Every structure is written in C-alpha cells, then in structure tokens.
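Keep in mind that what you see is a predicted model, and the values were worked out from it rather than measured. Residue numbers start at 1 and run along the sequence shown.
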Amino acid sequence: MKSWHARVVCEGEGYRPRQFEYSPLVPGRLVFGTIHGEVVVCDLPSASSSSSLSRSTRNVAEEAHGGKERRNRGERVENAEQEKEKDEAFETKILRRIEGTTSVTRLAKDENDCILGLSWLRKDPAKFVVGSGRGYLNLCDVDKEEEEGRGAVVRGYERFRRLTSVNGNCDDTHLLVR
C-alpha cells in the first residue's frame with residue numbers, strides 16, 4: 001500500500017476553507033475558497049519532496065492503536081524528531097489572495113456568502129471558475145495583474161440561483177453549474 005501524509009496548508013493565516021481544487025496542469029497548485037467568500041491560490045511543495053515527508057499507513061495505524069511495542073522508545077523519539085524537521089520544511093507559498101466581497105471582484109455577495117464551487121480550466125493553467133452560494137459565478141486568472149481594474153476576475157457570468165457546484169469539461173467548452 002502507498003504511504004500517505006497530511007499537512008496543514010496556510011496554517012495561522014485565519015482562513016476557513018470550504019472548497020478546494022488541485023490544478024490538473026500544475027503539480028502542487030491548489031485553489032481554495034473560504035466560508036467568508038475569499039479565494040486563495042497557493043503552491044504546495046513538489047510531489048517529490050512531499051512524498052519523502054510521508055509515513056507508511058502501517059506506522060500511522062500502529063500509532064493510532066497505541067503503537068505496537070516492536071519499536072523501542074529511542075526509535076520513536078528519533079522518528080518524532082525527524083517528522084518535526086520535515087514539517088518545518090513543508091512551506092506553502094501563497095500566490096494570490098482574492099478578496100471576494102469587494103465591489104471590484106464580487107466573488108461573493110458578502111462575508112457570509114461562502115465559496116461552494118471551484119474548477120480549473122484544462123487548457124489554461126492560470127484560469128479557474130469560482131461560484132458562491134448566492135450565485136456569483138466568475139472566471140479568474142491567477143496571472144492577471146491587479147491594476148487592471150477588476151483584480152483576478154476575467155469575466156463575470158449571470159447569477160445562478162442555488163449554486164452548489166461548478167465543473168468544467170475536459171476541453172473547456174462547457175461549464176456545468178448545479
């Protein structure tokens with residue numbers, strides 16, 4: 001069985017993530033939407049470095065069930081110190097934080113309107129669609145400069161009442177909004 005790991009993304013930043021989506025084209029790129037209508041795009045450490053941070057599922061299961069005493073105390077302390085060093089090496093780089101409730105971006109109606117749908121485009125690694133619970137639907141571009149007036153928003157769409165999810169097809173010709 002493959003090993004796995006869990007790491008906190010953007011710890012201490014005060015975000016309350018609700019929805020997230022990994023980029024299908026850029027390894028380690030993640031966009032997440034919060035319950036307060038914000039959208040954050042970040043780069044996680046590469047898959048090759050994060051795989052070296054993982055522990056086997058057997059070790060995790062042993063620790064969760066009180067640990068089998070096959071390993072002596074010295075080995076456990078050494079492993080705990082190694083895990084702490086690896087955690088400290090795991091840093092997330094925030095590429096873009098998009099305020100969702102400003103009159104410029106309008107990703108959400110207000111800070112009580114959470115982001116419910118996110119979908120990366122398959123043909124352009126910098127673009128994604130974001131939808132809020134109150135029906136705001138926008139195409140965003142991570143690389144678009146702030147001074148262009150609307151921030152990262154490339155295009156706004158007609159409001160879609162009762163939005164719960166957003167998905168694009170494989171060639172970016174159709175968008176499914178539920």
Q. Can you tell me how far CD of Glu111 sits from CD of Glu38, rounded to the nearest 0.5 angstrom?
A. 9.0 Å
Q | 4.5 Å side-chain heavy-atom contact, Cys140 and Val153 | A | yes
Q. Does one hydrophobic cluster hold both Leu116 and Ile35, with members joined at side-chain heavy-atom distances below 4.5 Å?
A. no
(Q) To check you understand the geometry: which heavy-atom pair defines the closest contact between Gly37 and Ala108, and what is its length? (A) CA-CB, 3.8 Å
Show me the side-chain donor-acceptor pairs of residues 21-29 shorter than 3.5 Å, one per line, residues at least two apart or across chains.
residue	atom	partner	partner atom	Å
Ser23	OG	Leu25	N	3.2
Ser23	OG	Val26	N	3.0
Arg29	NE	Asp43	OD1	3.1

Q: Flag yes if Val166 and Tyr157 sit in one hydrophobic cluster, no otherwise; membership is Ile, Leu, Val, Met, Phe, Trp, Tyr, and two members link when side-chain heavy atoms are under 4.5 Å apart.
A: yes
(Q) For Ser132 versus Asp113, what's the shortest heavy-atom pair and its separation? (A) OG-OD2, 2.8 Å
Q.
Taking salt bridge (Lys or Arg N to Asp or Glu O under 4.0 Å) as the cut-off, I'd like each qualifying pair that reaches into residues 163-178, sequence neighbours left out, listed once.
A. none
Q. Is the shortest heavy-atom distance from the side chain of Arg159 to the side chain of Tyr136 under 4.5 Å?
A. yes
Q. For Phe20, does the CZ atom have more than 12 heavy-atom neighbours from other residues, nucleotides or ligands under 6.0 Å away?
A. no
Q) Between CD of Gln19 and SG of Cys114, what distance do you get to the nearest 0.5 Å? A) 9.5 Å
Q: Check whether any side-chain heavy atom of Leu137 sits under 4.5 Å from a side-chain heavy atom of Val129, and report yes or no.
A: yes
(Q) A quick test of your reading: do over 12 heavy atoms of other residues, nucleotides or ligands sit less than 6.0 Å from CZ of Arg16? (A) no
**Q.** Sequence neighbours excluded - salt bridge (Lys or Arg N to Asp or Glu O under 4.0 Å) pairs with any residue from residues 122-135
**A.** Asp110-Arg134, Asp124-Lys127
Q. What closest approach, in Å, do Trp120 and Pro125 show between heavy atoms, and which atom pair accounts for it?
A. CZ3-O, 3.4 Å
Q. At what distance, to the nearest 0.5 angstrom, does OG of Ser119 lie from CG of Leu176?
A. 9.5 Å
Q. Between the main-chain N or O of Tyr15 and the side-chain N or O of Thr34, is there a donor-acceptor pair closer than 3.5 Å?
A. no
Q: Identify which one of Val142, Leu118, Ile98 satisfies the side-chain contact (heavy atoms from CB on, under 4.5 Å) criterion when paired with Val31.
A: Leu118
